[in-house]
Amino acid sequence: MYYPSSPAVLLASIANLAILGNASPLEKRYTSPTAPFDGCLWQVSKVGAFNSHLNVSDWKTLPSSLKATDRTGGPARVKWDPSLVGVDANDGSLTLTVPGGQGTCTDDKPCGSAQITTAYDDVMYGSMRTVMKTPNVWGTVSAAFFYSDDNNEADIEMQTGDVTHAHWTNQDWYGSNGLTNSSVVANTSAAYHEYRLDWVPGRTDYYVDGKLLQTYTKFVPRTSGFWMWNSWTNNGSWTLGPPSKDAVMHVKSIDVYFNRTSIAGCGSA
Ligand SMILES: *[C@@H]1O[C@H](CO)[C@@H](O)[C@H](O)[C@H]1NC(C)=O
Ligand SMILES: *[C@@H]1O[C@H](CO)[C@@H](O)[C@H](O)[C@H]1NC(C)=O
Ligand SMILES: *[C@@H]1O[C@H](CO)[C@@H](O)[C@H](O)[C@H]1NC(C)=O
Ligand SMILES: *[C@@H]1O[C@H](CO)[C@@H](O)[C@H](O)[C@H]1NC(C)=O
Ligand SMILES: *[C@@H]1O[C@H](CO)[C@@H](O)[C@H](O)[C@H]1NC(C)=O
């Protein structure tokens with residue numbers, strides 16, 4: 001993580017102060033109930049039992065269980081830059097910034113974007129909850145998702161050019177015709193909301209603020225991977241970017257119950 005001396009982060013927090021001035025009265029949010037630890041597993045009601053729990057809401061330092069991505073690619077013409085991961089001085093949230101004015105995103109000059117992932121790649125099933133707020137700037141995508149490979153991936157995504165829809169996708173096991181749908185939701189940039197994905201064998205359930213909006217029983221990921229959170233752009237038809245000004249995604253909290261394949265049997269509280 002990179003803190004206040006980054007010009008991008010400074011700009012981001014200045015821009016954010018103005019946004020928060022308007023948005024804070026709207027900040028009513030639902031948070032899923034916490035799950036009890038029974039001495040062996042975390043018991044998530046109506047979902048399942050899990051051996052691991054990640055619960056982060058203090059972003060002063062990135063915990064060792066999470067790391068900022070530092071590489072080019074994933075989506076074409078994207079460069080994941082850890083210096084674009086920061087903290088909002090005003091509300092303490094994690095910021096994932098796509099700087100404005102990057103010009104055209106090309107293979108030679110990919111566009112700066114920000115991503116964090118779990119530090120481990122052996123996540124298999126879980127209940128992931130993230131309280132976040134998207135930028136209100138055309139030209140980026142904000143996402144919270146599970147990723148193993150392009151054929152084992154389950155996504156919650158918001159296009160910041162269209163802040164009243166959330167998109168749900170289970171990527172195709174064999175090709176690129178995943179199951180995808182969207183729901184009308186409250187303006188994702190105006191206030192914090194809880195986005196939740198429950199992934200168990202044969203089923204993914206997608207929620208916003210505790211309301212179940214989509215269930216899929218097909219193309220449910222079947223290999224282990226990472227939980228990921230990102231804010232990104234390129235010149236493609238999905239992001240509609242790059243953005244003209246800084247686009248800052250805010251993550252207030254991450255609370256995930258999940259299994260790790262490297263842990264046999266019980267987890268620890
Ligand atoms: C998660 O962290 C928050 C903030 O530190 C705390 O209030 C809450 O009790 C924690 N939840 C669990 C289940 O540990
Ligand atoms: C897609 O979402 C709409 C509501 O937004 C719902 O009515 C419809 O049943 C969903 N389609 C599928 C195939 O899940
Ligand atoms: C969403 O909220 C932002 C911030 O309050 C506001 O500027 C924008 O106009 C809203 N967009 C829509 C489509 O309601
Ligand atoms: C984005 O840029 C690439 C490489 O410069 C180009 O091949 C592609 O057609 C562009 N895509 C869009 C949607 O503009
Ligand atoms: C997670 O692993 C535990 C054993 O460690 C198992 O009892 C539980 O059923 C697994 N959860 C899911 C959803 O598969």
Side-chain angles (χ1 to χ4, degrees), residues 29-39 41-45 47 49-63 65-66 72-79 91-94 102-113 126-131 138-141 154-159 161-162 164-170 172 177-186 188 192 194-197 203-209 211-220 232-243 251-258 267-269:
R29 64 172 186 267
Y30 169 91
T31 309
S32 292
T34 56
F37 184 68
D38 70 3
L41 299 172
W42 300 90
Q43 298 289 342
V44 181
S45 174
V47 181
F50 301 98
N51 62 30
S52 303
H53 182 219
L54 176 61
N55 178 28
V56 187
S57 54
D58 178 348
W59 298 103
K60 285 196 274 298
T61 56
L62 202 59
S65 47
L66 293 172
T72 296
R77 302 176 297 277
V78 174
K79 181 178 175 9
D91 75 353
S93 61
L94 179 82
Q102 298 194 72
T104 311
C105 316
T106 63
D107 293 336
D108 289 345
K109 207 174 142 291
C111 278
S113 297
S127 179
M128 181 273 287
R129 304 94 183 260
T130 300
V131 175
W138 183 279
T140 68
V141 165
D155 303 318
I156 299 173
E157 291 172 288
M158 275 72 74
Q159 291 174 296
D162 175 19
T164 55
H165 287 90
H167 298 258
W168 327 111
T169 305
N170 281 11
D172 192 334
N177 293 304
L179 274 177
T180 191
N181 200 6
S182 64
S183 303
V184 174
V185 294
T188 60
Y192 284 104
E194 185 199 74
Y195 300 86
R196 172 170 167 179
L197 166 58
R203 184 180 175 102
T204 49
D205 286 321
Y206 293 91
Y207 296 82
V208 177
D209 290 335
K211 193 166 167 205
L212 179 62
L213 297 175
Q214 184 72 48
T215 293
Y216 293 133
T217 55
K218 196 181 156 195
F219 294 157
V220 174
W232 61 285
T233 195
N234 61 9
N235 68 330
S237 57
W238 178 236
T239 62
L240 304 168
V251 178
K252 193 94 175 171
S253 62
I254 285 175
D255 191 16
V256 204
Y257 301 92
F258 56 103
S268 51

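When a ligand or atom number is given, it counts from 1 through the structure's own listing order. We count residues from 1, following the sequence as given.
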key: Value rounded to 0.5 Å, distance of CD1 in I156 from OG1 in T188   = 12.0 Å
note = Taking only non-hydrogen atoms of S182 and a 4.0 Å limit, the atoms of ligand 2 in range are 2 (O), 5 (O)
key: Atom indices of ligand 2, in the order listed, that fall short of 4.0 Å to a heavy atom of Q214   = 1 (C), 2 (O), 10 (C), 12 (C), 14 (O)
task = Apply ring-ring contact (aromatic ring centres under 6.0 Å, His included) to Y195 and list each qualifying residue two or more places apart in sequence or on a separate chain.
result = none
query = Can you list the steps and then say if W59 with V251 is a side chain to side chain contact (heavy atoms under 4.5 Å, CB included)?
reply = CA-CA 9 Å; W59 298 103; V251 178; 4.0 Å; yes
request  = Find all atoms of ligand 4 within a distance of less than 4.0 Å from any non-hydrogen atom belonging to R77, and give their numbers and elements.
outcome  = 1 (C), 2 (O), 3 (C), 4 (C)
inquiry  = Could you report the tightest heavy-atom contact between S127 and R196, atom names first, then the distance?
reply    = OG-NE, 3.5 Å
Atom of H167, atom of Q159 and distance for their closest heavy-atom approach = NE2-OE1, 3.6 Å
key: Residues in side chain to side chain donor-acceptor pair (under 3.5 Å) contact with S183, at least two apart in sequence or another chain   = W168
message = List the residues meeting side chain to side chain donor-acceptor pair (under 3.5 Å) with D155, not counting sequence neighbours, and say none if there are none.
response = Q171
inquiry  = Below the 3.5 angstrom mark, is there an N/O of N235, backbone or side chain, next to an N/O of ligand 4?
reply    = yes
request  = Show the protein residues that qualify under the rule heavy atom under 4.0 Å from an atom of ligand 1, listing them in chain and number order.
outcome  = T34, H53, N55, S57, Y257
task = Examine N181 against ligand 2 and note whether any of their N/O atoms are separated by less than 3.5 Å.
result = yes
ask   = Using the ring of each side chain (for Trp, its six-membered ring), is H53 parallel, tilted or perpendicular to W42, with breaks at 30° and 60°?
value = tilted
